[in-house]
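For reference, the structure discussed in these notes is given below.
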Protein chains: 4
Amino acid sequence: MFDLDVRSRKPIYEQLVDKMKELIINDILKSDEQLPSVRTLAQQLTINPNTIQRAYRELETEGYIYSIKGKGSFVSPSSISPNEEKLKKVQGELVRLLSEAMYLGMSMEQLQKMLEEIEEAVKGGSHDD
Amino acid sequence: MFDLDVRSRKPIYEQLVDKMKELIINDILKSDEQLPSVRTLAQQLTINPNTIQRAYRELETEGYIYSIKGKGSFVSPSSISPNEEKLKKVQGELVRLLSEAMYLGMSMEQLQKMLEEIEEAVKGGSHDD
Amino acid sequence: MFDLDVRSRKPIYEQLVDKMKELIINDILKSDEQLPSVRTLAQQLTINPNTIQRAYRELETEGYIYSIKGKGSFVSPSSISPNEEKLKKVQGELVRLLSEAMYLGMSMEQLQKMLEEIEEAVKGGSHDD
Amino acid sequence: MFDLDVRSRKPIYEQLVDKMKELIINDILKSDEQLPSVRTLAQQLTINPNTIQRAYRELETEGYIYSIKGKGSFVSPSSISPNEEKLKKVQGELVRLLSEAMYLGMSMEQLQKMLEEIEEAVKGGSHDD
DNA sequence: GTGGTCTAGACCACA
DNA sequence: GTGGTCTAGACCACA
């Protein structure tokens, strides 16, 4: 399910954060749905619980999930998310990455197509619940 | 000019690599143009020469620049760069980042516009004006 | 074991890279086996940890090993390695070196024999004995 | 003729040494033939004379050429060349390089073929003068 | 404990 | 003068 790559240069907690975001963004994890507990997930993935906790903490500060003491962690309703500051940062990274992709030979057509596919996945996913 | 952030989580050498790439991609640093020497740049940025060299070495292995021992460091002609493997990796990051940007509220229109602006900068720059 | 030559014109880190490659290629270091830690090896060889790390980083970019931050460095599964560009480069060096060896008096018979011995070591080693 | 690559990581003097060896090994430069003077070659290649001199010095120590004061530099008769010590060293490099080539996916058939082609070039070249 | 980054400073190779 | 290597030593991030 999470297929983490221990060999990746990207730290495991960061991979976890990205996977979680992906699941939330694509509406696979729905608003207010409860996430698996730190211990459960740690066992499932045979990963240090500290690492899971680190990921959950990160997701919480970024506004993707919220925690209730004694109950667990839950997906934030998407309306909570819009965040100017964060958007600015992501845009900055995007510009950098798009430039590099073009420089490496990616065509406008390819980029357009990629854009449309992603749009379908994201918008499509968040509508039909 | 380089506005590095020493406090950032991103290592200094990596920030430098990204800035340099940007300058090369946007054709501000032209093919075979000589870069500032390791020592000179180190003084200008008040950063240790080893850190500069680390960045230059990285840029060299990625094919963006080449270094000649007794002479200096120079921008690679862009034709050298095409690299399948690297492109794949960049595309993966792009998908992730585009999804996140849309989720955070960026519209298709904004993305389109961003795309076109970047295209102009990259393609336009590589003409020899 | 590693018999490095500090006086050699070849940098220490490069000697280390070559030795490590040899151990990996001949399957003495098996896939996913953990390498000695940077600090440990540095002590054993009485060499600066930075130099060891330089070698490990090089091996990582060449695809021979992978490093995980809090855990250690490990041998890459051999299937990851195939790399067209690198092979081309090695072939070029081979032609040069073979020509020189023949010029210096090495016979075709000697070369054939050398070839077969290496084949046995490399291919034989990769069976899981 | 010499097509040196200033962008290569290999120092220019070393590239020159290799090219010269190649020409001598393939009998394009014949025994006792006079080499271009340091100054002439420096002008032709628009390279620092010191660099040429460095290359000639290296070729002389390795026994490929000899110099006569006031007259110039000449190709050594091939009988002078056989050199146990040097052969050992080249063999060592060969083993390393052949192992790496196989590990990177070169087949025995490819290596055999390469061997035969080189044999033809070297032996063929030194006979027909 | 393990890898990763960075500094300060020395010395070498090359052009 | 320019890049390249190496050491000694500090401090951080991750698991």
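Model, not experiment: these values are computed from the prediction. When reading the values below, keep in mind they use all heavy atoms of this one structure, side chains included, and skip hydrogens, waters and symmetry mates. Quick note on labels: first sequence line is chain A, next is B, and so on, each numbered from 1.
- Residue-to-nucleotide proximity on DNA chain E shows that, of C:Tyr56 and B:Val6, the 5′-proximal contact is made by C:Tyr56.
- Residue C:Ile47 holds its CD1 atom at 13.5 Å from CZ of C:Arg54, rounded to the nearest 0.5 Å.
- Distance from the side chain of C:Tyr13 is smallest to F:dC6 among E:dC6, F:dT7, F:dC6.
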Next item on the list: Take C:Asp32 and A:Arg7, measure what salt bridge (Lys or Arg N to Asp or Glu O under 4.0 Å) needs, and give me the verdict at the end.
Entry: CA-CA 10 Å; C:Asp32 293 312; A:Arg7 281 176 221 134; 3.7 Å; yes
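- Using a cutoff of 4.0 Å between basic side-chain nitrogens and carboxylate oxygens, D:Lys89 and D:Glu93 are not scored as salt-bridged.
- Nearest-nucleotide positions on DNA chain F place B:Leu35 closer to the 5' end than the other of B:Leu35 and A:Lys10.
- Rounded to an integer number of Å, the gap from NZ of C:Lys71 to P of F:dA15 is 9 Å.
- B:Leu4 has its CG atom 10 Å from the P atom of E:dT7, to the nearest Å.
- The side chain of D:Arg9 places no N or O atom within less than 4.0 Å of a non-bridging phosphate oxygen (OP1 or OP2) of F:dG3.
- Protein atom CD of B:Glu14 is 12 Å distant from nucleotide atom P of E:dG4, rounded to whole Å.
- Here the NZ atom belonging to A:Lys71 is positioned 14.5 Å from the OG atom belonging to A:Ser37, to the nearest 0.5 angstrom.
- Of the candidates E:dA15, F:dT5, E:dT5, E:dA15 carries the atom nearest the D:Ile12 side chain, counting heavy atoms from C-beta on.
- Of all nucleotides listed (E:dC14, F:dT2, E:dT2), F:dT2 comes nearest to the side chain of B:Ser37.
- Distances were taken from every side-chain heavy atom of A:Arg54 (C-beta onward) to each of F:dT7, F:dC14, E:dG3; the shortest belongs to F:dC14.
- Proximity note for C:Thr51 (side chain, C-beta onward) versus F:dT7, E:dG3, F:dG4: the nearest is F:dT7.
- Pair assignment for E:dA10 gives F:dT5, based on Watson-Crick or G-U wobble hydrogen-bonding distances that are each under 3.5 Å.
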Next item on the list: Go through the steps to decide whether A:Gln44 and A:Leu41 satisfy the test side chain to side chain contact (heavy atoms under 4.5 Å, CB included), and finish with yes or no.
Entry: CA-CA 5 Å; A:Gln44 270 182 28; A:Leu41 197 53; 4.0 Å; yes
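- Here E:dT7 is the nucleotide among E:dA15, E:dT2, E:dT7 with the atom lying nearest to any side-chain atom of B:Asn48.
- Whole-Å rounding puts the B:Ile52 CD1 to E:dA8 C1' distance at 15 Å.
- Of the listed nucleotides (E:dC11, F:dC6, E:dG4), E:dG4 has the atom at the smallest distance from the side chain of C:Gln53.
- Side-chain N/O atoms of B:Ser73 include one lying less than 4.0 angstrom from OP1 or OP2 on F:dG3.
- Electrostatic pairing of A:Lys19 and A:Asp3 counts as a salt bridge here, judged by a charged N lying under 4.0 Å from a carboxylate O.
- The base of F:dG1 is not paired with the side chain of B:Arg39 by any donor and acceptor separated by under 3.5 Å.
- Nearest-nucleotide positions on DNA chain E place C:Ile68 closer to the 5' end than the other of C:Ile68 and B:Pro11.
- The interatomic distance linking B:Tyr66 (OH) with F:dG4 (C1') rounds to 18 Å, in whole Å.
- Spacing between atom CZ of A:Arg7 and atom P of E:dG3 amounts to 17 Å, rounded to whole angstrom units.
- The CG atom of A:Leu45 sits 14 Å away from the C1' atom of F:dA15 (whole-angstrom rounding).
- Distance CD (B:Gln43) to P (F:dG3): 13 Å, rounded to an integer number of Å.
- Picking from E:dT7, F:dT7, E:dC6 the nucleotide with the shortest atom distance to the side chain of C:Ile47 gives F:dT7.
- For B:Asn50, whose side chain is taken as the heavy atoms from C-beta onward, the closest listed nucleotide among E:dG9, F:dG3, E:dG3 is E:dG9.
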